Amino acid sequence: MRARAVVDLAALRANVKVLREAAPRAELMAVVKSDAYGHGMIPCARAARKAGASWLGTATPEEAFALRAAGDTGRLMCWLWTPGGPWRQAIEADIDVSASGLWALREVAAAARACGRTARLHLKADTGLGRSGCQPADWPALVDEARAAEAEGAVRVTGLWSHFACADEPGHPSIGAQLSVFREMVAHAEQAGLRPEVRHLANSPATLTVPESHFDLVRTGIATYGISPSPELGAAADFGLRPVMTLSAALASVKRVPGGHGVSYGHRYVTPGETTLALVPVGYGDGIPRHASGTGPVLVAGKWRTIAGTVAMDQFVVDLGGDTAAPGDEAVLFGPGDRGEPTAEDWARAVGSIAYEIVTRISARIPRVYVGEDGGTGN
């Protein structure tokens with residue numbers, strides 16, 4: 001196999017259990033958006049459910065519909081909507097939807113009336129992140145109209161929620177400020193007569209480090225996949241988490257070249273002397289960042305190597321120096337680190353990004369191989 005991403009579902013289940021223990025009084029939503037952060041949405045969703053995730057979360061309606069089509073029947077929330085979104089299909093599929101403003105509430109209510117079912121609706125408050133969510137000044141109007149829609153049976157407000165901006169930065173003043181605003185907005189909604197099933201604010205870092213933010217439900221994304229949501233707070237192992245994905249490839253070529261030999265496009269790397277070059281058959285077409293050129297770490301022949309020269313669409317080169325290898329030998333780009341290989345966090349540091357992006361960008365061209373499911377393996 002040219003390359004593969006091994007996804008350890010036993011590690012994912014263990015991570016979910018760790019996160020549930022971190023928030024013992026709250027339910028847990030496993031966020032499986034963007035193909036479960038590149039790990040494979042359906043297998044990861046099933047593993048998370050087995051480990052006790054009572055909710056799943058997606059960004060787009062299409063992701064939520066795919067879960068339903070795969071047989072998931074549990075609580076499922078989808079939050080990224082645009083005007084004209086497939087509200088009716090979501091309502092009929094018993095998917096919890098989200099509204100940040102009157103336009104969305106009105107579209108949800110209209111769709112519910114059209115199909116004769118009550119929509120399950122979460123109202124999102126903008127407590128300081130500045131993305132989606134209703135501003136505090138507009139909240140009373142949204143709450144009042146939602147209460148009226150409830151009274152007629154068009155919607156049931158099942159959730160009140162918001163999202164942190166800086167929970168991954170310990171001690172950041174916005175954390176306490178957002179908590180305060182959220183409590184005020186929830187109190188206003190409840191005083192107006194709304195009785196949500198769940199109030200939720202905590203993301204992965206807040207689940208692990210801000211217990212006062214747990215409320216009724218925590219939403220864990222990146223931590224579910226064993227990656228630290230805040231390297232400043234600690235590595236994955238410090239939180240009891242284990243990285244779920246290991247990305248590797250089989251060397252496609254190994255050859256001796258003389259000193260002064262240019263390597264890859266632009267000759268951004270020139271061999272300092274006679275050496276051995278190994279070709280790793282993955283590139284930016286597979287999701288390897290092109291800006292990892294000259295910086296990305298790879299374990300080959302028992303040592304960390306750095307990508308030599310430019311990452312191409314389908315391949316990159318590493319300089320083995322005086323070491324030897326053979327075509328077909330394994331190159332490990334990242335994994336849990338048990339065998340001395342880099343982790344996704346190491347890659348993030350090397351390319352000036354975050355580990356979220358490293359795993360999520362691995363393309364569908366790389367087959368996912370699932371292990372740790374009911375003790376077996378499979379594709």
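Every value quoted in this text rests on a predicted model; they were computed, and no experiment measured them.
Using a 4.0 Å cut-off between a side-chain N of Lys or Arg and a carboxylate O of Asp or Glu, E107 and R88 do not qualify as a salt bridge. With respect to D319 and R305, no salt bridge is recorded, no charged nitrogen being found less than 4.0 Å from a carboxylate O. Using a cutoff of 4.0 Å between basic side-chain nitrogens and carboxylate oxygens, R147 and D144 are not scored as salt-bridged. Electrostatic pairing of R256 and E274 counts as a salt bridge here, judged by a charged N lying under 4.0 Å from a carboxylate O. By the 4.0 Å N-to-carboxylate-O rule, D72 lies too far from R46 to be salt-bridged with it. In summary, R75 and E197 do not engage in a salt bridge, as defined by a charged side-chain N under 4.0 Å from a carboxylate O. Between E145 and R106 there is a salt bridge, since a side-chain N of the basic residue sits under 4.0 Å from a carboxylate O of the acidic one. D314 and R2 are not joined by a salt bridge, as no carboxylate oxygen comes within less than 4.0 angstrom of a charged side-chain nitrogen. A salt bridge does not link E92 to R117: none of the charged nitrogens lies less than 4.0 Å from a carboxylate oxygen. A salt bridge between R13 and D8 is absent, with no side-chain N of the basic residue lying under 4.0 Å from a carboxylate O of the acidic one.
A66 and I42 get closest at one heavy-atom pair: O-CD1, 3.9 Å. The two residues W81 and V97 make their nearest non-hydrogen contact at CZ2-CG1, 3.4 Å.
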Criterion side-chain contact (heavy atoms from CB on, under 4.5 Å) on E27 and V198, from CA distance to verdict: CA-CA 9 Å; E27 295 183 70; V198 287; 3.9 Å; yes

field: Stepwise side chain to side chain donor-acceptor pair (under 3.5 Å) test for S162 and T127
entry: CA-CA 7 Å; S162 189; T127 56; 2.7 Å; yes

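Looking at heavy atoms from C-beta onward, P61 lies out of side-chain contact with Q89 at the 4.5 angstrom threshold. When side chains are defined from C-beta on, V157 does not count as touching H122, because their heavy atoms never get closer than 4.5 Å. Side-chain contact between Y269 and T306: absent, with no pair of heavy atoms (C-beta onward) separated by less than 4.5 Å.
Ring pair W161/H200 is parallel by interplanar angle, where below 30° counts as parallel and above 60° as perpendicular.
For the residue pair T158 / D96, a side-chain donor-acceptor distance below 3.5 Å is found, with atom types taken as modelled. Residues T271 and T275 have side chains that never bring a donor and an acceptor to within less than 3.5 angstrom of each other. Side-chain polar atoms of S132 and K124 form a donor-acceptor pair below 3.5 angstrom.
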